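In this text, all values refer to a predicted model and were calculated from it rather than measured experimentally. Here is the naming used below: chain letters follow the sequence lines, and residue numbers restart at 1 for every chain.
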Amino acid sequence: MVLFTSTEGKRYEAEKATVRELLEVWRLKKAIGAKVNGVIVDCDKEFTVDTEFTPVMPDTEEGLDLLRHSTAHLMAHAILRLYPEAKFGIGPSIKDGFYYDVRFPNPISEDDLQKIESEMRKVAQEKIPLVREELSMSDAKEYFSNRGEDLKVEMIENLEGEILSIYKEGDFVDFCRGPHVPHTGCCKFFKLLSVAGAYWHGDEKNEMLTRIYGTAFGTEDELKDHLRRLEEAKARDHRKLGKELDLFSIHPEGPGFPFFHPKGMVVMNKLIEVWRNEHTKRGYVEIKTPMILDRALWLQSGHWDHYKENMYFTEIDEAPFAIKPMNCPGGILVYKNSIHSYREFPIRMGELGFVHRHERSGALHGLMRVRAFTQDDAHIYCTPEQIKDEIKAIMDIDRYFYQEVFGFKYHVELSTRPEDSMGDPELWELAEKCLKEALEETGTEYRLNPGDGAFYGPKIDFHLEDCIGRTWQCGTIQLDFQLPEKFDMTYIGADGAEHRPVMLHRTILGSLERFMGILIENYAGAFPYWLAPVQAKLLQVSSQFEEYTQELNSKLRLAGTRTEVDYRDEKLGKKIRDAQLQKVPFMLVIGQKEAETGTVAVRDKVKGDLGSMTFDELIELFKSQYNPIS
RNA sequence: GCCGGUGUAGCUCAGUUGGUAGAGCAGCUGACUUGUAAUCAGCAGGUCGGAGGUUCGAGUCCCCUCGCCGGCUCCA
């Protein structure tokens with residue numbers, strides 16, 4: 001039984017003090033207009049702490065947030081005990097956990113997490129109540145100032161209002177809006193995960209603090225489950241799988257410049273094939289523009305002014321050149337190579353453009369963040385009247401690839417005019433209207449990011465959700481009013497006069513390299529048949545069947561199947577195991593029986609034994625596999 | 001770039017307080033001729049990321065450097 005009193009003296013009690021119920025009471029209090037300062041901690045004087053209090057877990061997001069936030073405080077408390085010199089920054093709850101930014105007298109490492117964690121458990125066992133108090137701003141400032149908490153003082157200085165709520169947890173005091181769990185014993189199922197650097201206020205000009213990440217849940221099962229998911233994500237890491245499956249490599253000789261191996265190239269080329277097929281069907285043409293172009297072009301396009309830090313430069317015969325970070329200027333030269341009529345519009349010009357961008361060394365990450373990658377780019381030149389339909393058409397390509405081909409869930413975000421935008425406000429308005437209407441008329445739900453557009457135009461972004469719930473931005477549709485102006489692009493309208501075309505930039509997969517990384521993780525390396533580097537592996541029971549195996553292999557290759565033969569003198573079990581580990585979709589076993597009857601024993605990677613088949617039956621089986629390239 | 005961690009054989013890793021570099025897998029050779037997730041034996045494989053320093057002696061300690069890993073938006 002938990003009893004407490006609101007600040008106006010009204011008495012409440014909760015039979016089963018689950019965090020959820022406490023939150024309900026909190027809402028109730030809010031509803032009746034009581035002064036609400038927290039869940040129950042604001043009532044410390046009247047509040048009887050039930051020492052057996054065990055919150056049944058918050059199955060609400062708020063409850064989980066609250067628990068994690070309190071666990072962050074608990075961690076800070078433990079840190080203070082172990083490192084009395086430590087000073088504290090902020091400690092919020094985040095998706096899947098919490099962190100606290102701390103300035104330690106001496107750097108700490110991951111090994112120290114164990115120590116901090118055990119101290120947290122001690123503090124938790126002591127069931128120290130979290131007590132809310134209120135101070136005036138000046139008192140609060142003095143209070144934290146006396147404790148040498150300069151970071152807290154700085155934060156207080158930036159706060160508005162007159163009253164500051166603080167939470168006392170034994171010797172540890174933090175200012176905090178709350179609410180919190182009643183006492184430290186409520187934080188039971190937590191784990192500290194990692195330690196990292198983080199700039200104060202996220203600004204690299206500021207000092208760097210030590211950030212400790214942790215997670216917390218309401219039940220042991222949920223915590224374990226979460227930790228298992230982290231393990232699962234690790235096991236799917238495309239960098240690990242890329243090595244194990246021999247798809248690609250990255251070498252110290254080229255940081256951020258991936259090398260694709262034969263098996264990786266199969267996947268890459270299949271992506272390109274389906275991309276080309278689909279774009280051809282949808283009225284696209286394809287071009288290819290050079291990687292190195294005169295600096296003057298980049299001056300004209302504005303990249304020199306806006307993108308220089310991310311570009312690589314070179315010289316040809318002592319004249320300055322740049323390596324393209326984007327494909328648009330090159331594409332525009334193709335457009336401008338001839339006169340265009342409105343009758344040609346819309347022109348949909350695709351390019352698998354290999355671009356180089358200098359990313360900061362610390363930002364590199366496998367195939368996900370690289371310094372050279374292939375954009376599945378396209379530029380669409382059209383009249384203002386055509387914008388909306390073109391956007392809808394692009395959205396349908398996105399739908400086709402994400403949903404139909406790869407089975408991803410995805411969501412859409414619309415980013416509108418930023419403060420430092422360039423160009424005619426009327427055009428901006430038209431463009432945003434087009435994007436919005438295209439979204440609404442197709443019944444697409446979207447998130448709005450006001451002010452998040454590029455300086456040259458608004459955009460729609462597509463975010464994929466992989467099978468373990470992580471999201472990746474891939475596709476984008478951007479309207480551009482700057483480049484047509486800068487390059488004085490024109491077309492001849494029905495009136496015989498020159499007009500300015502509208503230019504759209506768009507990608508579907510974003511970067512082929514990154515998309516491949518996403519696919520590796522999404523499939524955990526087990527590519528579907530149409531993408532699998534090796535679709536079927538031939539396993540002979542012993543070397544005496546080599547002739548039949550070779551014959552079958554060349555027949556399958558002629559039929560367009562990607563096969564490999566395991567010629568090693570190993571037992572079948574070993575060969576099966578290795579093929580399974582290489583995640584090959586089909587294993588074809590050849591032994592005495594098969595050689596005699598001219599058949600093959602088929603084993604599906606997932607379903608297991610499919611029995612014996614003739615060659616024709618086998619080809620039928622392969623043809624029945626999903627394949628978007630028809 | 002910055003903070004922390006890390007770098008030993010193709011891969012995954014071990015290497016005590018500084019004292020002659022190890023294992024498993026993969027590879028090669030041989031034996032076995034194998035029926036649905038690892039047959040056995042042998043051989044070979046490393047300037048311990050690179051450069052400097054301390055020391056009689058450095059994979060181990062110090063400094064520099066490079067790569068890699070985690071993180072650097074998510075408001076007390």
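- Comparing the P positions of B:rC11 and B:rC63 gives a spacing of 28 Å, expressed to the nearest Å.
- Looking at heavy-atom distances under 4.0 Å, A:Ile90 makes contact with sugar-phosphate atoms alone, never a base.
- Only the C1' atoms considered, B:rC48 is 10 Å distant from B:rA9, to the nearest whole Å.
- The number of heavy-atom neighbours closer than 6.0 Å to CD of A:Glu445, taken from other residues, nucleotides and ligands shown, is 12 or below.
- Side-chain nitrogen and oxygen atoms of A:Lys243 include at least one within less than 4.0 Å of the OP1 or OP2 phosphate oxygen of B:rU12.
- Note on A:Glu594: a base of the nucleic acid sits closer than 4.0 angstrom, heavy atoms only.
- Residue contacts for A:Asp569: at a heavy-atom cut-off of 4.0 Å it reaches a base atom on one of the strands shown.
- If you check every strand for non-hydrogen atoms under 4.0 Å, A:Lys575 touches nothing.
- A gap of 9 Å separates the P atoms of B:rC25 and B:rA41, to the nearest Å.
- Side chains of A:Tyr548 and A:Gln540: a donor-acceptor N/O pair is absent below 3.5 angstrom, by distance only.
- Among the heavy atoms of the strands, none lies under 4.0 Å from A:Glu253.
- The partner of B:rA14 is absent, by the rule that a Watson-Crick or G-U pair needs both atom distances under 3.5 Å.
- Across all strands shown, B:rU29 pairs with B:rA41; the Watson-Crick or G-U wobble distances both stay below 3.5 Å.
- Using a 4.0 Å heavy-atom distance criterion, A:Ala579 is classed as making no nucleic acid contact.
- Taking every heavy atom of both residues into account, A:Ala372 and A:Phe257 meet most closely at CB-CD2, 3.5 Å.
- Within the nucleic acid shown, A:His201 has no heavy atom closer than 4.0 Å to any nucleic acid atom.
- Judged by the 6.0 Å and 45° rule, A:Arg357 forms no cation-pi pair with A:Tyr312.
- Here B:rA21 sits opposite no nucleotide as a Watson-Crick or G-U wobble pair (both hydrogen-bonding atom distances under 3.5 Å).
- With sequence neighbours left out, A:His226 forms a side chain to side chain donor-acceptor pair (under 3.5 Å) with A:Arg229.
- Under the Watson-Crick or G-U wobble criterion, with both distances below 3.5 Å, B:rG4 is paired with B:rC69.
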